[in-house]
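For the single chain, residues carry numbers from 1 onward in sequence order. What you see is a predicted model, and the numbers here were worked out from it, not measured in a lab.
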Amino acid sequence: MTIHLVGDLMILAVTIRVFGRDAVTLLRHLAAAGVRVGVSEMSRRPHDGKEGR
């Protein structure tokens, strides 16, 4: 684990501790939105008409 990941996990733990279940719900919605964006980017075709690599 890198020090940045450890710091992010500590901030996440404090956020969940302070805000409780509302923070968990918000994080789930953000994660779902990120997955949707990632899937749409992967399935998007290039604009120039080529198939890609």
Side-chain angles (χ1 to χ4, degrees):
M1 259 190 211
T2 65
I3 192 72
H4 297 290
L5 180 59
V6 171
D8 290 344
L9 290 175
M10 288 176 61
I11 291 171
L12 177 63
V14 170
T15 303
I16 291 173
R17 182 77 172 151
V18 170
F19 293 108
R21 298 194 72 62
D22 293 335
V24 173
T25 303
L26 177 63
L27 289 172
R28 284 184 182 164
H29 286 288
L30 289 174
V35 168
R36 284 192 298 268
V37 168
V39 168
S40 67
E41 284 295 315
M42 289 188 330
S43 64
R44 189 171 58 106
R45 293 209 180 251
H47 294 289
D48 60 1
K50 295 180 182 173
E51 283 296 318
R53 295 183 182 169

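Thr15 contributes atom OG1, which lies 10.0 Å from atom CG of Leu26 (distance to the nearest 0.5 angstrom).
Looking only at side-chain heavy atoms (C-beta outward), Val18 and Val14 come within less than 4.5 Å of each other. With contacts defined as side-chain heavy-atom distances shorter than 4.5 Å, the pair Thr2/Leu5 qualifies.
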